[in-house]
Amino acid sequence: MASLSFFRRMSLPKMGKLSSKMNASEPNAEERVSTPEKQTVLLLHAPRQPYQLTDNYPVPQVKGDLEVLVKTRAIGLNPIDWKAPDFNFGIPELPYISGRELAGEIVETSGRSSRLKLGDRVLVISTDYRDLRKAAYQEYVVALDYNTVRLPPALSLEKASTLGVAFVAAALALGVCMGVDFSDVLDGPDLYRLLREVASEDLPSDIRKECLDGIRDHERALPGDWLAVWGGSSTSAHLTIQLAKLAGLKTVAVVDKAKHGLRLANHKAIRTDLLVDSHDSRRAVDIIRSNLKGKLRFGIDTRGADSATSLLQALSPGNLTSSSLVPVGAVDGSPPSPPATPDDSMLLSAHLIALTGLPKQPAPEGTVFHTVPIKLFHEVPAIGEALSSWLERLLAEGRICAPEIVDIEQGLESVNKGLDRMRRGEISGGKLVVKVA
Ligand SMILES: NC(=O)c1ccc[n+]([C@@H]2O[C@H](COP(=O)([O-])OP(=O)(O)OC[C@H]3O[C@@H](n4cnc5c(N)ncnc54)[C@H](OP(=O)(O)O)[C@@H]3O)[C@@H](O)[C@H]2O)c1
């Protein structure tokens, strides 16, 4: 574990005491508690190998005004943490440090962040997997202040470590891919509008089309519209359903009902309007279609290409109904003429968002396939800031709840054991957390 005999900065009067690089009376003074130079991390040396516990690894350095250093206390394990090494993707360099979300305390700030202070209990959502300084499987983690969320006192660090990645994926799927406006939910973001205020060259080129052309203004999801979530037991579904309900959408979840039905039906925050068993996917599609009668235009799949293909069959593109068009002449009192024949501008496409894999087939006419532009969170500060500050308000006001913790492992050294449990499918309907001393 980290040796406290090496201090990264000039020696401090007492371990844990606040230090300031500039004059303490200056409002922008950089602040830090003493931190060691070296720490313990988990290193991946090659695909399909366990992570190696490694001492005497340098503590990452913060750069610039927008970064803070956080002492890791609890890590939320994610499927990508075992899938990336097993299937050899998403590993930009070796040895690699993994881990996408954690909770802990701020031990260093630039002093310029308006929100974050030394000692704040925070959740760090580390979507930037290319920057090893920001990975969770280490004792100290660098975080962008706009990817860091302060926690209310009642929320434990363990609970907090479960919800960040799922929140960001859910908010971007709903807000960007479906155009949901969260303005009425504790002054949440209207991501559709926010993205159009960002200079288009500041949007990463590989997701620019999804951000700006993924959905047209007149087809954005509105309160009362239906959303189906296939794979309703997942952590990402847990957050997606909650945010969708807060925005006034009606929800369907497709799950293994024997395993998850009771839990979902009894949980006020994630109880859906319709709960469908996933065992027979063809029957699940029939049940959705017969209940919703052509009204389902939005689907989010959390499981993979096969269930995404089933979800596609449940979706129904539509047209703007004549009742939603103002007949010509009706406003000025003259006799109304019949509504125009529907053309392309009136089509309401169906929208399928895949978190894990899109159907193998191309999108049929009238349907748009989406992947979640997750990198918006760390690459576009205005989006990261909007989501992080909104999550702070949602947590402070108790408007969303964290997923269940299935179990807690102890120490960085237990991460491999935890990931093996996830590989074996033992972690279901909640999150596995690792506590770090
Ligand atoms: N694209 C993005 O930006 C993005 C963001 C977040 C997540 N994701 C992806 O979305 C998917 C869901 O993520 P999550 O964090 O929400 O998942 P999760 O909560 O860890 O688990 C999802 C569900 O998968 C089933 N499961 C568990 N272990 C399994 C295994 N070894 N093999 C097959 N199924 C297993 C369980 O459902 P049952 O008990 O019902 O079978 C579990 O409830 C993952 O593939 C993840 O990588 C993508």
Side-chain angles (χ1 to χ4, degrees), residues 28 62-68 70 100-101 106 109-117 120 122-131 133-134 141-151 163-217 220-221 236 239-240 243-244 246-247 353 370-397 399-400:
N28 287 339
V62 299
K63 295 180 198 159
D65 290 346
L66 290 176
E67 292 185 345
V68 295
V70 175
R100 300 277 63 94
E101 58 190 328
I106 295 193
T109 70
S110 69
R112 287 176 177 79
S113 165
S114 54
R115 281 191 308 122
L116 305 174
K117 302 279 175 292
D120 279 351
V122 291
L123 153 64
V124 174
I125 307 162
S126 175
T127 51
D128 189 1
Y129 71 100
R130 292 181 180 278
D131 187 345
R133 300 175 310 137
K134 297 178 185 149
V141 172
V142 167
L144 287 162
D145 71 348
Y146 56 84
N147 292 165
T148 303
V149 177
R150 287 171 304 178
L151 304 174
L163 56 79
V165 170
F167 169 80
V168 172
L172 292 176
L174 292 162
V176 177
C177 307
M178 290 171 48
V180 174
D181 177 2
F182 292 110
S183 304
D184 290 339
V185 186
L186 290 181
D187 206 14
D190 179 356
L191 294 170
Y192 185 92
R193 184 184 54 73
L194 257 184
L195 282 171
R196 281 151 186 81
E197 289 169 2
V198 175
S200 69
E201 61 272 19
D202 290 340
L203 296 172
S205 57
D206 57 336
I207 56 166
R208 200 174 293 152
K209 193 168 182 320
E210 173 64 56
C211 293
L212 299 177
D213 303 328
I215 188 159
R216 294 171 296 173
D217 195 20
R220 299 174 63 181
S236 33
L239 271 298
T240 301
L243 294 185
L246 286 173
I353 299 125
H370 302 259
T371 52
V372 180
I374 200 90
K375 64 166 68 161
L376 273 177
F377 184 62
H378 60 268
E379 293 212 358
V380 181
I383 303 295
E385 171 72 29
L387 291 180
S388 294
S389 54
W390 185 41
L391 180 54
E392 280 188 359
R393 296 194 292 281
L394 289 167
L395 291 172
E397 298 291 324
R399 296 292 295 277
I400 56 170

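Heads up: numbering here begins at 1 and tracks the sequence.
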Nearest 0.5 Å please: distance from the [atom1] atom of [X] over to the [atom2] atom of [Y].
{"X": "L116", "Y": "I106", "atom1": "CG", "atom2": "CD1", "answer": "4.0 Å"}
{"X": "R399", "Y": "L246", "atom1": "CZ", "atom2": "CG", "answer": "5.5 Å"}
{"X": "L144", "Y": "E379", "atom1": "CG", "atom2": "CD", "answer": "10.5 Å"}
{"X": "T148", "Y": "L151", "atom1": "OG1", "atom2": "CG", "answer": "10.5 Å"}

Taking the side chain as everything from C-beta on, heavy atoms only, tell me whether [X] gets closer than 4.5 Å to [Y].
{"X": "T109", "Y": "K117", "result": "no"}
{"X": "L391", "Y": "V168", "result": "no"}
{"X": "K134", "Y": "H378", "result": "no"}
{"X": "D217", "Y": "Y192", "result": "yes"}
{"X": "L172", "Y": "I383", "result": "yes"}
{"X": "C211", "Y": "S200", "result": "no"}
{"X": "S388", "Y": "R115", "result": "yes"}
{"X": "N147", "Y": "V124", "result": "no"}

Do you know which of F377, W390, F182 makes ring-ring contact (aromatic ring centres under 6.0 Å, His included) with F167?
->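 So, applying the ring-ring contact (aromatic ring centres under 6.0 Å, His included) to F167 and each of F377, W390, F182, only W390 qualifies.
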Please name the pair of heavy atoms, one in [X] and one in [Y], separated by the smallest distance, quoted to 0.1 Å.
{"X": "A386", "Y": "P189", "value": "CB-CB, 4.0 Å"}
{"X": "D213", "Y": "R196", "value": "N-NH2, 4.4 Å"}
{"X": "L195", "Y": "L212", "value": "O-CD2, 4.0 Å"}
{"X": "E101", "Y": "G164", "value": "OE1-N, 2.8 Å"}
{"X": "P204", "Y": "V380", "value": "CD-CG2, 4.1 Å"}
{"X": "G179", "Y": "I215", "value": "N-CG2, 4.2 Å"}

Side-chain donor/acceptor of [X] to backbone N/O of [Y], under 3.5 Å:
{"X": "R150", "Y": "V122", "answer": "no"}
{"X": "E210", "Y": "P373", "answer": "no"}
{"X": "E67", "Y": "V142", "answer": "no"}
{"X": "R393", "Y": "D187", "answer": "yes"}

For D184, look at atom CG and say whether over 12 heavy atoms of other residues, nucleotides or ligands are found less than 6.0 Å away.
->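 For D184, atom CG is not crowded (no more than 12 foreign heavy atoms under 6.0 Å).
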Reference residue L376; test side chain to side chain contact (heavy atoms under 4.5 Å, CB included); the match among L203, L387, T127, L191 =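 Among L203, L387, T127, L191, the one that satisfies the side chain to side chain contact (heavy atoms under 4.5 Å, CB included) with L376 is L203.
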Determine, step by step, whether L243 and V180 satisfy the side-chain contact (heavy atoms from CB on, under 4.5 Å) criterion, reporting the C-alpha distance in whole Å, the side-chain angles of both residues, the deciding distance to 0.1 Å, and the verdict.
-> CA-CA 10 Å; L243 294 185; V180 174; over 6 Å; no
Salt-bridged, D190 to R220, with N to O below 4.0 Å?
->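 Answer for the salt bridge query: yes.
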Take L395 and I400 through the test side-chain contact (heavy atoms from CB on, under 4.5 Å) and record every step on the way to the result.
-> CA-CA 6 Å; L395 291 172; I400 56 170; 4.1 Å; yes
